[in-house]
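Values below: all heavy atoms of this structure, side chains included; hydrogens, waters and symmetry mates excluded. Order of appearance sets the numbers: ligands from 1, and atoms from 1 within every ligand.
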Amino acid sequence: MCGIVGYIGNKSAQGVLVSGLKRLEYRGYDSAGIATLGPRGAATVLRTKGKVQELVDLVTTHEKSDMIGIGHTRWATHGAPSKRNAHPHVAGNIHLVHNGIIENYQDLKVMLARHDYDFRSDTDTEVLAALIDYVARDADSLIDAVRSACEMVVGAYGIAVLDTRSPDEIVVARKGSPLVLGVGNGEVFIASDASALLGYTKQVIYLQDEELAICRTSGVELSDMASSTLEPTVETLEMDLEAVQKKGYDHFLLKEIHDQPDTVEATLRGRINPTVHTARLGGINMTAEELRDVRHIMIVGCGTAYYAGMLAKYYIEQLLGDVMVSVEVASELRYRSFAVQEGTVALIVSQSGETADTLACLMELKRRGVRTLGVVNAVGSTIAREVDGGVYVHVGAEISVASTKAFTSQVVAMILFALTAADARGMSPERRSELIDELELLPSEIEKVLAAHEKEVKAVAKNYMQYDHALYVGRDTLMPVALEGALKLKEVSYIHAEGYPAGELKHGPISLIDDRFFEVFYLLDNWLYEKSQSNLIEMNARGAHAIVVTDTARKVEAETVLRVSTKLDLLRPLVFNIISQLLAYYLAVQRDTDVDQPRNLAKSVTVE
Ligand code: F6R
């Protein structure tokens with residue numbers, strides 16, 4: 001979603017800002033802008049509807065040696081994508097970039113119009129800029145003005161503010177929308193996402209909710225809403241520059257699919273003991289007794305994280321037979337009047353750790369006294385900080401908007417949690433050993449599947465690129481794989497795709513089958529083979545253009561059969577899902593879409 005950058009130091013601010021914005025492009029945006037100040041406060045504001053590259057072109061014709069500035073990539077909420085609505089917004093002396101939503105902006109706008117403020121955009125952000133400018137009339141300093149304005153707004157914000165009267169400082173504030181400050185030698189970098197700081201500094205300060213900071217060349221002054229000074233905690237960023245580069249791949253999506261042998265290994269590192277068949281999770285902060293008392297595991301997430309939860313549910317149920325497992329879409333759960341029982345543990349699943357709906361559920365569950373554990377990738381993110389404990393999935397930066405490596409590792413992390421609980425509950429090692437052995441094998445099996453099938457899937461994609469509709473089906477553990485496969489396809493290739501449990505076909509979706517559709521049918525040669533096979537026969541009888549992804553050596557009737565051979569048994573769904581990821585990728589390439597930044601999508605959905 002929207003991205004913020006800021007800089008004060010001895011370099012050209014325009015250069016630092018546009019390179020930071022380029023790093024944030026992956027989050028999804030529709031317009032971009034920067035504002036810089038000269039030594040006497042002369043402002044240069046450059047904005048564009050479109051890509052950051054257009055901003056780069058503007059900078060070459062409006063080059064300034066200014067050493068302080070702020071920048072933004074906007075993902076439209078209030079008002080259409082346009083230059084007029086792009087940030088930074090200007091009101092009087094104030095220049096402002098903002099992530100989040102000001103819910104009471106209409107009331108504030110009416111009040112400010114009475115004080116002669118005119119508004120040129122449709123945004124809530126311009127109202128906030130005017131509000132800061134208005135309260136600055138009676139404030140002693142920019143930070144006091146920002147603090148007073150923040151007290152008057154309802155909503156969420158991460159903001160960076162310039163005042164032309166004080167061209168040696170940037171004031172930042174956060175409530176519900178992340179901001180991180182990078183501390184260099186005589187310079188401070190500001191970003192909504194740490195990846196924008198890579199290559200400049202690894203020393204970072206994560207701003208907490210309701211904190212503000214003044215950034216100057218002399219350093220950072222941190223304070224809270226009550227004006228008390230706070231001691232900043234400087235942390236070292238674990239990410240490195242390599243993680244945000246394509247490493248020779250055409251797209252981040254393909255690179256991240258290929259990252260998976262390594263990222264699964266990273267998720268497992270130090271967490272399993274293959275000799276005694278146990279898993280150990282350092283960060284869950286639960287005693288063996290507390291793990292024994294678990295009666296209900298509630299998994300909460302959105303999109304791909306939700307589907308990871310759906311798949312993990314099968315494994316958790318197999319391991320912890322007496323524990324109820326429910327999987328919830330966060331945007332629904334947050335408004336439901338659901339009951340929680342004694343012994344509930346909530347697994348909050350999120351790659352970014354910033355998804356607004358997931359975060360809202362987390363806060364509600366905490367309010368109700370439920371123990372919450374994060375299954376999060378982004379270190380230091382809001383969800384990671386708010387949960388009672390958790391498991392970092394450690395897949396590194398996921399740049400492509402479509403999530404791939406995070407999905408696989410989220411499932412692995414939830415299996416590790418179930419194994420840890422199974423051990424605490426005294427379950428026999430035999431029950432755990434098969435899964436532990438398979439987890440150990442998973443990285444190399446993913447590698448083999450990629451090596452054996454990538455060319456084949458690419459060729460299949462060529463044969464199916466003309467279809468505009470797809471139906472993905474599977475049973476049991478392959479049902480969530482079908483749903484996730486359909487999601488991946490629609491988001492990156494824009495082919496309309498639906499995912500269904502195979503057993504549901506006869507209850508409606510089979511009527512869709514015609515020559516405009518192709519079908520992806522996942523078929524495991526297990527105890528459900530005959531039943532799944534009959535679903536396939538029913539589809540074929542209606543003229544299906546089916547691609548069957550299967551592990552069977554038996555004869556399969558279908559237009560295309562992709563036979564996946566692997567040593568895995570229980571974890572086969574995870575390697576079948578790799579085939580889905582490749583298929584979505586190559587179909588998107590065939591259809592020439594913006595693979596890494598599909599239209600209308602944002603990487604981290606920080607608004608409802
Ligand atoms: C799909 C995708 C989204 C995210 C969802 C949750 O490829 O990326 O569906 O999975 O927006 O995001 P996180 O995991 O960051 O909470």
Side-chain angles (χ1 to χ4, degrees), residues 1 26-28 75 177-178 192-193 195 251-254 256-257 260 263 299-312 327-334 346-363 372 374-387 390-411 413-414 472 480-481 483-495 497 499 577-578 580-585 588 593-608:
M1 233 149 213
Y26 78 96
R27 298 174 65 89
W75 193 83
S177 195
S192 51
D193 177 330
S195 63
H251 297 97
F252 280 108
L253 183 58
L254 188 59
E256 286 162 8
I257 293 171
Q260 289 174 103
T263 51
I299 304 176
V300 183
C302 296
T304 287
Y306 168 69
Y307 293 141
M310 276 175 88
L311 179 53
V327 191
E328 306 285 351
V329 172
S331 56
E332 286 297 315
L333 181 72
R334 66 181 291 186
L347 300 183
I348 311 295
V349 190
S350 176
Q351 186 284 127
S352 63
E354 302 292 349
T355 301
D357 287 318
T358 311
L359 179 59
C361 291
L362 163 62
M363 300 318 277
T372 57
V375 179
V376 171
N377 185 38
V379 177
S381 56
T382 310
I383 291 176
R385 283 165 184 267
E386 289 291 342
V387 285
V391 199
Y392 275 122
V393 296
H394 290 314
V395 301
E398 196 182 58
I399 302 292
S400 173
V401 165
S403 186
T404 50
K405 58 181 179 175
F407 173 88
T408 309
S409 283
Q410 283 160 350
V411 177
M414 285 184 265
Y472 280 60
V481 171
L483 270 55
E484 168 60 9
L487 175 65
K488 215 77 324 166
L489 184 74
K490 72 183 107 180
E491 57 182 334
V492 298
S493 73
Y494 314 150
I495 295 173
N577 187 59
I578 305 284
S580 307
Q581 294 173 349
L582 288 172
L583 186 62
Y585 172 73
T593 61
D594 195 349
V595 175
D596 283 329
Q597 292 161 40
R599 65 187 183 202
N600 306 335
L601 291 178
K603 181 66 184 162
S604 167
V605 185
T606 50
V607 295
E608 266 191 72

Closest protein heavy atom (residue, atom, distance) for [atom]:
atom                    : answer
atom 5 (C) of ligand 1  : C302 O, 3.5 Å
atom 11 (O) of ligand 1 : V605 CG2, 4.2 Å
atom 15 (O) of ligand 1 : S352 OG, 2.7 Å
atom 7 (O) of ligand 1  : E491 OE2, 2.3 Å
atom 14 (O) of ligand 1 : Q351 N, 2.6 Å
atom 10 (O) of ligand 1 : T304 N, 3.1 Å

> For the residue pair A588 and V492, what are the closest heavy atoms and their distance?
Replying inline: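 That closest heavy-atom pairing would be CB-O, 3.3 Å.
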> Which heavy atom in E484 sits nearest to a heavy atom in N577, and how many Å separate them?
Replying inline: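 Scanning both residues completely, I find the closest heavy atoms to be CG-OD1, 3.6 Å.
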> Is it true that I383 lies under 4.0 Å from ligand 1, counting heavy atoms only?
Replying inline: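 I383: no contact with ligand 1 (<4.0 Å).
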>> Strictly below 4.0 Å, N to O, side chains only: are D193 and R27 in salt-bridge contact?
In response: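 Judged by the 4.0 Å cut-off on N to carboxylate O distance, D193 and R27 do form a salt bridge.
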> Among V401, T404, I399, whose side-chain contact (heavy atoms from CB on, under 4.5 Å) with L253 holds?
Replying inline: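 Among V401, T404, I399, the one that satisfies the side-chain contact (heavy atoms from CB on, under 4.5 Å) with L253 is T404.
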>> Taking side chain to side chain contact (heavy atoms under 4.5 Å, CB included) as the definition, give me every residue that meets it alongside Y306, ordered by chain and number, with sequence neighbours left out.
In response: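 Result, side chain to side chain contact (heavy atoms under 4.5 Å, CB included) vs Y306: M310, V327, V329.
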Which ligand 1 atoms, with their elements, are less than 4.0 angstrom from a heavy-atom of [X]?
X    : result
A305 : 10 (O), 14 (O)
G303 : 9 (O)
S350 : 13 (P), 14 (O), 15 (O), 16 (O)

> Applying a 4.0 Å heavy-atom criterion (strictly less than), which segment of K488 is in contact with ligand 1: side chain, backbone, both, or neither?
Replying inline: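 Under 4.0 Å from ligand 1, K488 contributes side-chain atoms alone.
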> When you look at Y585 and S493, which way does the side chain to side chain contact (heavy atoms under 4.5 Å, CB included) test go after all the steps?
Replying inline: CA-CA 8 Å; Y585 172 73; S493 73; over 6 Å; no
> side chain to side chain contact (heavy atoms under 4.5 Å, CB included) between I348 and C361: does it pass, once the steps are laid out?
Replying inline: CA-CA 9 Å; I348 311 295; C361 291; 5.5 Å; no
> Of all residues at least two apart in sequence or in a different chain, which pass the side-chain hydrogen bond (donor to acceptor under 3.5 Å, both in side chains) check with T372?
Replying inline: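 So T372 forms a side-chain hydrogen bond (donor to acceptor under 3.5 Å, both in side chains) with D388.
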> If you measure from atom 12 (O) of ligand 1 to every heavy atom of V401, L601, T358, T355, which option wins on shortest distance?
Replying inline: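 Among V401, L601, T358, T355, the closest heavy atom to atom 12 (O) of ligand 1 comes from T355.
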